[in-house]
There are 2 protein chains.
Amino acid sequence: MQTNNTTEQQIIEAARKIFMHKGLAGARMQDIADEAGINKAMLHYYYRSKEKLFDIVFDEAVDKLLARVNTMLAEDLPIARKIEGVVSFYITNISDNPYLPMFVLNEVQQNPDRIIQRFTHTHLFPNIQLFMKEMAAAMERGEFRKVNPLQLLISILAMCVFPFVAKPLVQHLFKVNDVQFGMMMEERKRFVADFVLHALKP
Amino acid sequence: MQTNNTTEQQIIEAARKIFMHKGLAGARMQDIADEAGINKAMLHYYYRSKEKLFDIVFDEAVDKLLARVNTMLAEDLPIARKIEGVVSFYITNISDNPYLPMFVLNEVQQNPDRIIQRFTHTHLFPNIQLFMKEMAAAMERGEFRKVNPLQLLISILAMCVFPFVAKPLVQHLFKVNDVQFGMMMEERKRFVADFVLHALKP
DNA sequence: GTCTATAGGGTGATAGAC
DNA sequence: GTCTATCACCCTATAGAC
């Protein structure tokens, strides 16, 4: 049982790496087996099918992407601090898994039904609505300039996520290696927070 | 020759639709043949292989995505007007082809080398650099608040492109149908331009 | 130019020895 | 639990009749 647990974990890690880079359609069971250093038959022994293995990796990815940001969204902070917190948490989170957003967005497009179930299961949506209401309230108080809260939310998300989705393009066009890209994203935490707060100044 | 031309075009249009939605790995030659209403063998008769057919569709997509924005980047306008123009052109352009950015970004990640050749062929990069220089100059004049021009450029791009990349998610989470999404993107042109210009106020 | 039939190779999944 | 061998199917690509 002790090796069992390890092998299972090795398979999941290998599957995560392969699926993340190649997607469901592009990934091969042989690739995953090679990456895990085991036989192809073992994959089916532990996880019945490619589809099941993918579901596990995908669900895990969505949870990882949202869990920490979700808690930050619910915290009791002044709205400006909360924006800074969400931006910082989100960029940190994705920096640890740079291929995660592209992976999720791509597979959502391929199979929208899957995500409907998954995203509904997490308690994300209430917290997003809370966040939007707090921003709307700050506008009413005159603390923020009045803008469409949904457009604002999408913009904040966009500025955090997009650089990673476009990572290969950014790296090529502006000749930045992985280390430099990491530094750019670290700098970006302050940039995005400042950018948003300036844009919302009355 | 007259039917020849038509069939060729039908194939390209079918290939574009299928490749856009399913990607290179996910698309099947049978899908494209069905979509074009012809036989599978015809695809190979007109375009030797799946790869060649894909290359044509992909190159065409990149050109479409960049051509109009590229000219706008080079125009002689005050920087604030140019930002408004770029944002408006870009959102209009993508609205006509909502799956285009996801398609390009996804395939760039799968095969970075392909894009290196393609993006270099267009004259995009000089115009991007011009745009960044003009923004930097506006900062020097005190017309704009001083920020990192590269971070700024990525942010503008992000706010234009990301909504389309995340379209299925946005539509589900906020219960917007295709018509409403179209209206949101129309509204977004002004939102993004205002947001950026406010964020850059000294 | 357009079709049917099929080659040739790969892929997910399973059977069965150890 | 782990491996080899193999099945059954699917996919790209081509040959060849019309």
Side-chain angles (χ1 to χ4, degrees), chain A residues 1-61 99 103 106-107 109-111 113-114, chain B residues 1-61 99 103 106-107 109-111 113-114:
Chain A
M1 285 291 177
Q2 69 282 19
T3 53
N4 190 351
N5 212 326
T6 302
T7 304
E8 274 183 90
Q9 199 54 34
Q10 278 177 329
I11 292 175
I12 292 292
E13 278 167 30
R16 187 185 305 128
K17 179 167 176 185
I18 299 297
F19 279 134
M20 287 263 192
H21 281 81
K22 305 200 176 182
L24 173 57
R28 303 283 157 245
M29 292 297 265
Q30 187 64 58
D31 297 338
I32 298 174
D34 291 348
E35 179 69 31
I38 56 160
N39 194 279
K40 207 173 40 156
M42 296 294 288
L43 302 179
H44 293 92
Y45 175 78
Y46 282 104
Y47 308 92
R48 242 174 61 90
S49 67
K50 183 184 180 183
E51 189 94 2
K52 297 233 187 246
L53 191 50
F54 179 83
D55 282 345
I56 293 171
V57 169
F58 183 82
D59 290 352
E60 207 185 83
Y99 290 95
F103 171 70
N106 192 45
E107 298 302 336
Q109 197 176 61
Q110 298 305 320
N111 187 351
D113 292 341
R114 191 197 306 276
Chain B
M1 283 296 176
Q2 70 280 22
T3 53
N4 191 350
N5 212 325
T6 302
T7 304
E8 274 182 272
Q9 200 53 37
Q10 278 177 330
I11 292 175
I12 292 293
E13 279 167 29
R16 187 187 305 127
K17 179 167 176 185
I18 299 297
F19 279 135
M20 287 262 192
H21 281 82
K22 305 198 175 184
L24 174 58
R28 302 286 157 241
M29 293 298 264
Q30 187 64 58
D31 298 338
I32 298 174
D34 292 348
E35 179 70 30
I38 56 160
N39 194 279
K40 212 173 35 158
M42 295 295 288
L43 302 179
H44 291 92
Y45 176 77
Y46 282 102
Y47 307 92
R48 244 174 61 91
S49 67
K50 182 184 180 183
E51 189 94 2
K52 297 234 186 245
L53 191 50
F54 179 83
D55 283 344
I56 293 171
V57 170
F58 183 82
D59 289 352
E60 207 185 83
Y99 291 95
F103 171 69
N106 192 45
E107 299 301 336
Q109 196 175 62
Q110 297 306 319
N111 188 352
D113 292 340
R114 190 197 307 276

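Each chain gets a letter, A, B and so on, in the order its sequence line appears, and its residues count up from 1. Everything numeric here is computed off the predicted structure, so don't read it as measured data.
- The nearest whole Å value for the distance from the CD atom in B/E8 to the P atom in C/dT2 is 10 Å.
- The side chain of B/R48 sits closest to D/dT14 out of C/dG12, C/dT2, D/dT14.
- Within the structure, every side-chain polar atom (N or O) of B/S49 is placed at least 4.0 Å from both OP1 and OP2 of D/dT12.
- Atoms CG (A/N39) and C1' (C/dT14) sit 12 Å apart, rounded to a whole Å.
- Side-chain contact between B/I12 and B/E60: present, with at least one pair of heavy atoms (C-beta onward) separated by less than 4.5 Å.
- Straight-line distance from the NE2 atom of B/H44 to the P atom of D/dG16: 17 Å, rounded to whole Å.
- Phosphate contact (OP1/OP2 of C/dT2, side-chain N/O of B/Y46, threshold under 4.0 Å): present.
- The distance from atom CG of B/L24 to atom P of D/dT12 is 10 Å, rounded to the nearest whole Å.
- In this structure, A/A25 reaches neither bases nor backbone, as no heavy-atom distance under 4.0 Å exists between it and the strands shown.
- Using a 4.0 Å heavy-atom cutoff across all strands shown, A/M29 reaches sugar-phosphate atoms only and no base atom.
- In this structure, B/M42 places its CE atom 14 Å from C1' of C/dT4, rounding to the nearest Å.
- Within the 4.0 Å cut-off from OP1 or OP2 of D/dT12, at least one side-chain nitrogen or oxygen of B/R28 is found.
- Side-chain contact between B/E13 and B/Q10 is absent, with no heavy atoms from C-beta onward closer than 4.5 Å.
- Side-chain atoms of B/Y99 and B/F103, non-hydrogen and from C-beta on, never get closer than 4.5 Å to each other.
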What side-chain donor-acceptor pairs closer than 3.5 Å can you find for residues 26-38 of chain B, not counting sequence neighbours?
| unit_1 | atom_1 | unit_2 | atom_2 | d |
| --- | --- | --- | --- | --- |
| B/R28 | NH1 | B/A25 | O | 3.4 |
| B/R28 | NH2 | B/A25 | O | 3.3 |
| B/Q30 | NE2 | B/D34 | OD1 | 2.9 |
| B/D31 | OD2 | B/K22 | NZ | 3.4 |
| B/D31 | OD2 | B/R28 | N | 3.4 |
| B/E35 | OE2 | B/K17 | NZ | 3.4 |

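- Between A/Y45 atom OH and D/dT2 atom C1' the separation is 9 Å, expressed in whole Å.
- In this structure, A/E51 atom CD and C/dG12 atom P are separated by 12 Å, rounded to whole Å.
- Rounded to whole Å, atom C1' of D/dT12 lies 12 Å from atom CG of B/L53.
- Using a 4.5 Å cut-off on side-chain heavy atoms (C-beta onward), A/L53 and A/F19 make contact.
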